[in-house]
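Just so it is clear, the model here is predicted, and its values are computed rather than measured. Chain letters run A, B, ... following the sequence lines, proteins first and then strands; every chain starts at 1.
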Amino acid sequence: MLQGQDGRSGSLGILLTTLEQVVNWGRKYSLWPMTFGLACCAMEMIAAGAPRFDIARFGAEVFRGSPRQCDLMIVSGRVSNKMAPVVKRLYEQMPYPKWVIAMGDCSSVGGPFNNYAIVQGVDKLIPVDVYVPGCPPRPEALLDAIVKLQEKIQRHEKLGDRL
Amino acid sequence: MNGSDTTADVLKARFPLAVEGVSTFRSDLVITLKREFLRDVARMLRDDPRLRYNLLLDLTAVDRLKLGITPRFATVYQLYSIPRNQAVRLIVPLPWDGETEMPVCPSVTDIWPTADWLEREVYDLIGIHFEGHPWLRRILMPENWVGHPLRKDYPLGGEPVNFSGDRDNPRFAHLGQQIMEGLSFPSELPPGVDPENHMVINLGPQHPATHGVLRVVAELAGEQIVSAHCDVGYLHSGFEKTGESKRYEKFIPYTDRMDYLSGMNNNLAYVLTVEKLLGVEVPLRAQYVRVILAELQRLGSHLFWLATHAHDVSGTIHSLLMYCLRDREMILDIFEMFCGGRVTVTGMCVGGLRQDIPPAFPEAVKVFLREFRKRFKEYDAMLTRNPIWVARSQGIGYLAPEEAIALGITGPMLRAAGIPLDLRKVQPYSSYDHFEFEVPTATESDCYARYLVRMREMEQSARIIEQAINRLPGGPFRTADRKVVLPPRPELDTSMEAVIHHFKLVTEGYKPPPGDVYGMAENPKGILGFYLVSDGSAIPYRLHIRGPSFVNLQALDTMARGHLLSDLITLIGSVDIVLGEVDR
């Protein structure tokens, strides 16, 4: 994508690309997830942030406490009926552009908790970009989801429309 | 059984009309009481010097609709006497004509303050009105919820599972769309909160330092906390109702997901309870391996607590978070070697272990212990004399020993108040009595003391693991009782009997005798209790869980009063809660 006139990347020269591509490139390597642990999957999300799996390799290590500073919500765990309005409120508080990863079976489809208390999939509340199966998924699976999301962000065609 | 006889005799002598029946099942003493005598009997059980049942471990209720017993509802009180090391269970049937909305039971909140949340939970999930309760509101379900989910005429809920992955199916029509309104509604302020003169601020349910989805309504005068009320239930997942719809064995994976930092300990507490109900003996090798797994998990849980607590209290110790998580990964690797799971392990089964330990297991544990001991000294040095750490935790959140018992506190928090109650010592299970270890205690009962107790506990856990791994006996890893565990695969080729046992177990499961048992184990957070009622079928009729985090969290208000808002974070960390267990 970014290529100098002489065909070598990194050399000073003329850059020919589209604005979208540059912006998407910047966005995809600076995802700021929200510190939003719900249940068991949050333990694996934290493990993904720890040195062994090191989510910083993918530019997504800046976990923020406030939804207003985030562009990635990782729904890591089961969403109960009592929590549902809160999840929705948090999503609405995040500024555009924003993305959602449904981590684990519970937030994807309800998982083993097919009962009165749990919302059967967080996609009933907010739009989800990437689903990660597993109960809980290993940290590698979450990293894979982030890479998948980066690919999706790079494919985005038109700036300005709501993602 | 001398002690339990005393209880019934003393009770009968004092209140001859109150006792409806006394029975013993699987060494549990159960006394059935008349409702009108409950409060008098409760006070006597607590105060009589011969009895001294000072700890109300658990309070729940049973809807006996499908058992065909009248009256339909009965409340259950599990009492424990710390000085006498004796337990008794009170069952109080509640006469109800069905014309009022719910049956009525006298409240015992003034006798055991821990009953406050426990009674609210029963009110919320089963629908029993507690007369005299200071603030009887829903605690786990949203306030606008209709019905009481744990009643037997309330459906399990959920959605039908569609197994075809067809995207044209109307079931998937909602994908990517918001279909639920998810309306929020204003909630009522707790009693005693004065919004006119004090500032009321809301902490959570989304807050980086609440360790999950806990909401605290803090009433402040300046920066000083006047009261701190917890709003829990944001992770209520219906464990009990789910357990009452599945076979005994099928609930083990769910226990992993309750306190997801101590899956092995939860497994152990649950299988011990079911084994008690069935009357199954577990081979020594399985008991030792269970001890190793449970203590490794305790280390993992305490390491995670240390990591997050240190991170919350003084953000500068971010490196400790990274170090502790690095060590926890070593434990998770051992678990993975044993059962394939990291966090949600399901490592044990009723009657022993799911599989024997792999040959490389002992060496891996020894390597871990060597590394852990070396690094643990560093962590100890980083915090124990750290001036910031000491300033932020010493003298914060004092809880008097008698207050702690009244609030039902167990685990490291109780031991930090100077009461050496550790079930591994006082009621040894799974051959804990074969190992030498100490029960660390402290007397200061503040956040710093709780920290010290947990740190010393980690050393003791390492000691137990070392002894168990060095003296690991041979032999079978699960019971030979074919009515409970599956026969080994090779036997199926030669023995018709084994095939029949296999078939019966897989299709029907085991059927424990009718009765009820209370089983408990010492979890990293405190005493985890399971109350099981069997009606003789393969599915538990009633499954109740006593989450230690749930009960311990109740003390937050008592501890926080008078301290600064920033201390609230230290306090939440020092309780060591896991919201999956608080809300269940």
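Contact count against chain A (heavy-atom pairs under 4.5 Å) is highest for B:L156 among B:D256, B:L325, B:L156, B:L579. Of the listed residues B:V578, B:D333, B:T242, the one with more heavy-atom pairs under 4.5 angstrom with chain A than any other is B:D333. Of all the listed residues (A:R138, A:K82, A:R52, A:M83), the one sharing the greatest number of non-hydrogen pairs under 4.5 Å with chain B is A:K82. Counting heavy-atom pairs closer than 4.5 Å to chain A, the top-ranked of the candidates B:M141, B:M258, B:H207, B:R326 is B:M141.
Two rings, from A:F58 and A:Y29, have their centers 6.0 Å or more apart.
For chain A, the nearby part of B:L140 is the backbone; its heavy atoms alone come within less than 4.5 Å. Contact of B:R257 with chain A is made through backbone and side chain together, with heavy-atom distances under 4.5 Å. Of the atoms belonging to B:E336, it is side-chain heavy atoms, and not backbone ones, that fall under 4.5 Å from chain A. Both the backbone and the side chain of A:C135 come within contact range of chain B, judged by heavy atoms closer than 4.5 Å. Only the side chain of A:F53 comes within less than 4.5 Å of a heavy atom in chain B; its backbone stays farther off.
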*Start with the C-alpha gap between A:D105 and A:S108, add the side-chain angles, then the distance that decides, and say whether side-chain hydrogen bond (donor to acceptor under 3.5 Å, both in side chains) holds.*
CA-CA 5 Å; A:D105 290 347; A:S108 301; 5.5 Å; no

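A:Y116 and B:H236 have tilted rings, their planes meeting at an angle from 30° to 60° on a 0 to 90° scale. Between B:Y379 and B:Y323, the ring planes lie parallel to each other; the angle is under 30°, not in the 30° to 60° tilted range.
With hydrogens and angles left out, the side-chain atoms of B:H544 and B:E240 include a donor and acceptor closer than 3.5 Å. Under the 3.5 Å distance criterion, with hydrogens and angles disregarded, no donor-acceptor pair is assigned to the side chains of B:N265 and B:D259.
With rounding to the nearest 0.5 Å, the separation of OH in B:Y254 from CG in B:N266 is 15.0 Å.
Of the possible donor and acceptor atoms, none in the side chain of A:S76 sits under 3.5 Å from a partner among the backbone N and O of A:M103. Looking only at distances, a side-chain donor or acceptor of B:E581 sits under 3.5 Å from a matching main-chain atom of B:S549.
Within residues 35-48 of chain A, the residues having any heavy atom less than 4.5 Å from a heavy atom of chain B are, in residue-number order, A:T35, A:F36, A:G37, A:L38, A:A39, A:C40, A:M43, A:E44, A:I46, A:A47.
A salt bridge (Lys or Arg N to Asp or Glu O under 4.0 Å) with A:D129 is found for one member of A:K148, A:K98, A:K152 and no other, namely A:K152.
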